[in-house]
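The block underneath contains the structure these notes are about, expressed in structure tokens.
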2 protein chains.
Amino acid sequence: MIDRFIRQCNGLWIESGFCRGILHLMKKVTIQDIARVSGVSKSTVSRVLNGTAQVNPEKKKAVLDATKRLGFQPNVLAQSLASGRSSSVGVLTQMIGSPFYDAISQGLIAGLSGTNYSPIFADGRWEKAEQKDALNALVGRRVDGVVVIGGTLSSAQVSKITGELPVLLVARKCDLNQYPAISVNNEFGAYQATKHLLESGHQRIALISGLSDHGDAKDRFKGFQRAVLEAGLSFEERLVVDGDFSAESGVKGIETLLAQGVEFTAVFAANDLTAYGARLALSRAGLRVPEDVAVVGFDDQMESQYMTPPLSSVRQPAREMGERAAEAMVQLLGEANFESIELVPELVIRQSSEVRR
Amino acid sequence: MIDRFIRQCNGLWIESGFCRGILHLMKKVTIQDIARVSGVSKSTVSRVLNGTAQVNPEKKKAVLDATKRLGFQPNVLAQSLASGRSSSVGVLTQMIGSPFYDAISQGLIAGLSGTNYSPIFADGRWEKAEQKDALNALVGRRVDGVVVIGGTLSSAQVSKITGELPVLLVARKCDLNQYPAISVNNEFGAYQATKHLLESGHQRIALISGLSDHGDAKDRFKGFQRAVLEAGLSFEERLVVDGDFSAESGVKGIETLLAQGVEFTAVFAANDLTAYGARLALSRAGLRVPEDVAVVGFDDQMESQYMTPPLSSVRQPAREMGERAAEAMVQLLGEANFESIELVPELVIRQSSEVRR
DNA sequence: GTCTATCATGAAACCGGTTTCACGGCGGGG
DNA sequence: CCCCGCCGTGAAACCGGTTTCATGATAGAC
């Protein structure tokens, strides 16, 4: 009843400019309203607005005028339902509070903000069941594509849920080469970092590793190990302590090493946060960086270059990865292909690992 | 044609378990399919799934069985269109790459991830026109509510676009008390920090300020000024240099002060990032922290406690603010009220401003 | 034993668009 | 001059749900 009344308003009152002030109180303007006002059918309105077919220039103008005058804003939901495309991409994140993953998300938001697509986030909490739920929720929202950041789902598990949807993996590789991925060669990054320390004259390098069930952590461990062995040194278990990518685990790591009386002149941390913690623990113990102990991290997050001394780190361009992922997903949605890229991380040497005199 | 064929599949084949393997190739399962399989009308299916009315237990069971067997996943788009609610909240962000704002976004994602609502992000780039566009896009997506993080739109401008939708402001105040807000008293935070430095014996405190058109920066400036004046000191323009919340501006700020020969024994930075830069510039200039110059920042971002020395800072619980915003928005969507809260930031004193001996 | 209130249920309308389809008009070829 | 094909257009079907409405059945009241 009131609806009908308001509908009439849309057609008549607004046109007469009578109730412009209370416009927001009224029902949303639909293409039906535009059709009525401009004297054509809603099919034609749709055609004009989407440019899907040629229409009489006169009617076209009438429609466009009405659209502007009524302040029409298409209902994306209805568009999506009808067309089968939702103009949104689902993003499966793993909220572990890691600056690296956060930066990827931010890059995605930024990268998508120029396009017609909106990101819809769902969080997998780095747990299998949650990841599946989150993915299902995204698919239920009929996203046009899915970006999976990290996570533990196999690509088979992903495809079971996403079906035909285009999928892009970020910060991880695809086990079956089924999906394109934007990843970083963690093994090589760690190898480089370790080699740098070895070449600087360090023989006893400690490693504070990341979560043991985390792919990236494993790869970094392997790279570390390879560099050590290639240098002709024996791999010493005692030099490796477990961490979990947190700053606190860096503190604990150093404390453990010191308490056990392990000797070392350099530390390679699984990520920058861990390196920060390690650096703090070292300074508490009265050890200087880099004079007594050199430190290298992984990620090169923004803050690292401002540490005292500035922290050497393996640069992972997290934000750029997010932005490139956005770009890549738009390509995939445009039916274009996208080839996986594996970024080669770059070692950034700063004063925390300066060559010893 | 193929559609119809597949529809038949949904009803018959799947039921017989014949083509479970290629299930993902087929059309999505709809409530119509469930209705057919379980021998009821789709109205009844809807009622069962939503619990909107009582249904014969037998039929109920049949529907539930079919739902599970066919792996039904409701089309959220259709649900939204029909019901008028989209189960999503729009988030208007300002991607300025500030850890503070990023952390709020992350908190929102995390806080919303347990609920039925999904966040949809749009970016305003801290520019008026873009903010309006972004807001319009969100409203076009028929979000159920809007969270505005920072930004420069007046609440009148916001309400013009959002109409009746519930709106929550985060990290800013509402000019008209029209909308609830979760904000932080920046003035008081800065006042506290400055007072702490004054009480530690510092008389010449430099300020590296934030963007001059940024509300938070202005408030922090005011707090700084008030503390200085209350202490009976004269306010010296020379001690204040412009910054832009970036680490680089912290470096520049210190360099400018030193180049101009301004004497100071303490620095208050507009945010932690700026403080990091300042700290680096000081150390390059051979000045020790805190012995020669004390440093205090604002935000207390995660990394600050691991700086060398650990950085004193005014704690803004960014991530928690995001989480509380999520909570608050859910309340608002549940028709409940939510009162604005102004958080009182807490000064965290660490070694970078330790009392001089 | 009626009459009425209640209840479960299916048909149909609806949300706001897109897309198919059929029809009338018009131009060109034979 | 007639026929065929193309073009612009409106009607109607459709997307996949929710919600209203009408109906038949059942139960309770008198």
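If you're wondering where the values come from, they're calculated on a predicted model, not measured in any experiment.
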Side chain of [X] - closest among [options]:
X: Asn56(B); options: dG16(D), dT18(C), dT9(C); value: dT9(C)
X: Leu81(B); options: dG10(C), dC15(C), dG17(D); value: dC15(C)
X: Ala82(A); options: dG10(D), dC15(D), dG17(D); value: dC15(D)
X: Ala78(A); options: dG17(D), dG16(C), dT18(C); value: dG16(C)

Is [X] near enough to [N] that one of its side-chain N or O atoms lies under 4.0 angstrom from OP1 or OP2?
X: Asn75(A); N: dC15(C); answer: no
X: Gln54(B); N: dA8(C); answer: yes
X: Lys59(A); N: dG10(D); answer: yes
X: Thr44(B); N: dT9(C); answer: no
X: Arg85(A); N: dT19(C); answer: yes
X: Ser41(B); N: dG10(C); answer: yes
X: Ser43(A); N: dG10(D); answer: no
X: Arg47(B); N: dT20(D); answer: no

Inset, instruction - Evaluate the side chain to side chain contact (heavy atoms under 4.5 Å, CB included) criterion for residues Ile149(A) and Leu108(A): first the C-alpha distance (whole Å), next the side-chain angles of each, then the deciding distance (0.1 Å), finally the verdict. - result: CA-CA 10 Å; Ile149(A) 304 179; Leu108(A) 255 164; 3.8 Å; yes
Please determine, by modelled atom types, if [X] and [Y] share a side-chain donor-acceptor pair under 3.5 angstrom.
X: Arg141(A); Y: Ser118(B); value: yes
X: Ser41(A); Y: Thr44(A); value: yes
X: Arg142(B); Y: Ser80(B); value: no

When the distance from [atom1] of [X] to [atom2] of [N] is rounded to whole Å, what number comes out?
X: Gln32(B); N: dG17(D); atom1: CD; atom2: C1'; answer: 10 Å
X: Gln73(A); N: dG16(C); atom1: CD; atom2: P; answer: 14 Å
X: Lys28(A); N: dG17(C); atom1: NZ; atom2: C1'; answer: 15 Å

Remember a base hit wins even if backbone is also touched, and classify [X] as base, sugar-phosphate or nothing at under 4.0 Å, heavy atoms.
X: Arg142(A); result: nothing
X: Val76(A); result: nothing
X: Lys42(A); result: base

Legend entry - Arg324(A), CZ atom: more than 12 neighbouring heavy atoms under 6.0 Å: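 Count not over threshold, so no.
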